[in-house]
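Just below is one structure, and these are the notes that go with it.
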Amino acid sequence: LLSVGLIAAFVIFLSSCEEAPEAKFSYTIDASDAKMVTFVNETVGATSYIWQFGDGSTSEEESPVHTYNAGGDYLVALVAQNDQGISEPLIKTIVIDGGGGATVALPTINGADAICVAVNNSTYTSTSGFDVEVQLGAAISVFYDQAGSFVDVGAITVDAQSLEKADNNYYSYYGVGTTTFGSPTSWSVAGGGEFSAITKNVSMGFPTMQKITSGDVNTSADYMLTFTGDIVGADSMIVIISGANNVYQQTFPVSTGSYTILQADIANLGATETGVVSVSAYKMQSEMFGTKNIYFVNQGNVVQTVKIL
């Protein structure tokens, strides 16, 4: 998931002023259902709200209850509005049913002994006069043994931010605050097992992403994927469309203009009010550290919530 999803900076494309509300919320995970979350809106002086739950779903309720379909780490954002303006989004990471890094997908790279990925992600939601972009940063890293299992390589940081190691030696970071990854991106790995210590400044930059403009997905016709401009500086990109029943995924070469997705490939997505179109663009480079081939990946994501018809 792109849950995922995530270093965070938030941009609101509507005017605001000093009297705009400050978004606040708390939440409780249900004791009998580990995927059900009750959100308590603690914002003062607001008249309307938008919630993004990190799984493509949204709500305009004041204090919604949301049930996730799968465990993972989800980034939940709340934006509040009154007559004076719109708040900055408040975002929190919620770990559902044991977590599992749901917000970032790990790319498959043949011949890699390790992969270090830095991600800048933009999620757009347009509801009831709001046009909100939430920019989220994240990082993931895995190191493989000869059997293909993840191994412990000690502490890992990216731009001085520490990645958390899961029990299966999957490293991840989901940011908070108002900082996104820039260039160069600085990686540091303490080392362990067959891997020596690594320090690397990655200066290749990030793909330039654009907002998706193609709108809702009609599964009875071809879908023309369009953007406000061209995606620039990427080696390849992956398009994912999530419906109620199925997920479409396809790799495309990066080009100019629109991308055609055939009706036969999306016919069985399943209708939903909370579908998601997600585009991930990758730029990568590899370097040998001793006998180990380490891939460094800069990834740009753009996500648009849509209806699947």
Side-chain angles (χ1 to χ4, degrees), residues 1-30 33 35-69 73-96 103 121-137 174-180 211-213 215-216 228 242 244 271-278 301-309:
L1 297 169
L2 258 290
S3 218
V4 8
L6 306 95
I7 306 166
F10 312 104
V11 181
I12 303 298
F13 294 112
L14 289 173
S15 62
S16 61
C17 61
E18 293 181 357
E19 291 78 18
E22 179 182 358
K24 295 182 179 181
F25 72 89
S26 60
Y27 65 92
T28 302
I29 298 175
D30 192 276
D33 184 351
K35 295 184 177 69
M36 180 182 293
V37 183
T38 299
F39 294 94
V40 179
N41 195 329
E42 299 171 347
T43 309
V44 175
T47 55
S48 57
Y49 312 92
I50 279 186
W51 295 83
Q52 292 182 1
F53 297 119
D55 62 351
S57 301
T58 62
S59 175
E60 297 177 59
E61 296 180 29
E62 183 173 349
S63 295
V65 176
H66 183 66
T67 300
Y68 290 90
N69 292 325
D73 305 334
Y74 295 89
L75 291 160
V76 176
L78 170 63
V79 176
Q81 183 183 33
N82 61 17
D83 291 339
Q84 284 71 47
I86 301 174
S87 73
E88 292 292 317
L90 172 64
I91 187 166
K92 295 184 180 182
T93 301
I94 297 180
V95 179
I96 299 297
T103 47
N121 184 82
S122 297
T123 300
Y124 293 89
T125 302
S126 299
T127 310
S128 297
F130 289 100
D131 190 4
V132 180
E133 177 192 2
V134 178
Q135 294 183 338
L136 307 169
Y174 303 108
V176 295
T178 57
T179 304
T180 53
K211 182 180 178 181
I212 297 168
T213 58
D216 295 335
T228 54
S242 300
T272 178
E273 295 287 314
T274 57
V276 175
V277 177
S278 172
N301 287 350
V302 61
V303 180
Q304 179 73 53
T305 57
V306 296
K307 295 179 182 179
I308 309 293
L309 307 174

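Please read these numbers as outputs of a predicted model, since none were measured by experiment.
- Using a 4.5 Å heavy-atom cutoff, the side chains of I86 and V79 are in contact.
- Across all their heavy atoms, D33 and D30 have their closest contact at N-OD1, 3.0 Å.
- Across A244 and A271, no two heavy atoms sit closer than the pair CB-O, 3.3 Å.
- When every heavy atom of A46 is checked against every heavy atom of N82, the shortest pair comes out as CA-CB, 4.1 Å.
- Residues P64 and S59 approach most closely at CB-OG, 3.7 Å, considering heavy atoms.
- In this structure, the side chain of Y68 does not engage the main chain of V37 through any donor-acceptor pair within 3.5 Å.
- The two residues I308 and S242 come nearest to each other via the heavy atoms CG1-O, 3.9 Å.
- Closest non-hydrogen pair, V76 versus W51, comes out as CG1-CE3, 4.1 Å.
- Separation of atoms CD (Q81) and OH (Y49) is listed at 11.0 Å; rounding is to 0.5 Å.
- Atom CE of M36 sits about 12.0 Å away from atom CD1 of I29, to the nearest 0.5 Å.
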Quiz prompt | Evaluation steps, side-chain contact (heavy atoms from CB on, under 4.5 Å), between L78 and N41 | solution = CA-CA 9 Å; L78 170 63; N41 195 329; 3.9 Å; yes

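- I50 contributes atom CD1, which lies 13.0 Å from atom CD of E61 (distance to the nearest 0.5 angstrom).
- The 12-atom threshold is not exceeded at CD of E22, counting heavy atoms of other residues, nucleotides or ligands nearer than 6.0 Å.
- Expressed to the nearest 0.5 Å, how far OG1 of T67 lies from NZ of K35 amounts to 10.0 Å.
- Using the six-membered ring where Trp is involved, F39 and Y27 have ring planes that are tilted, between 30° and 60° apart.
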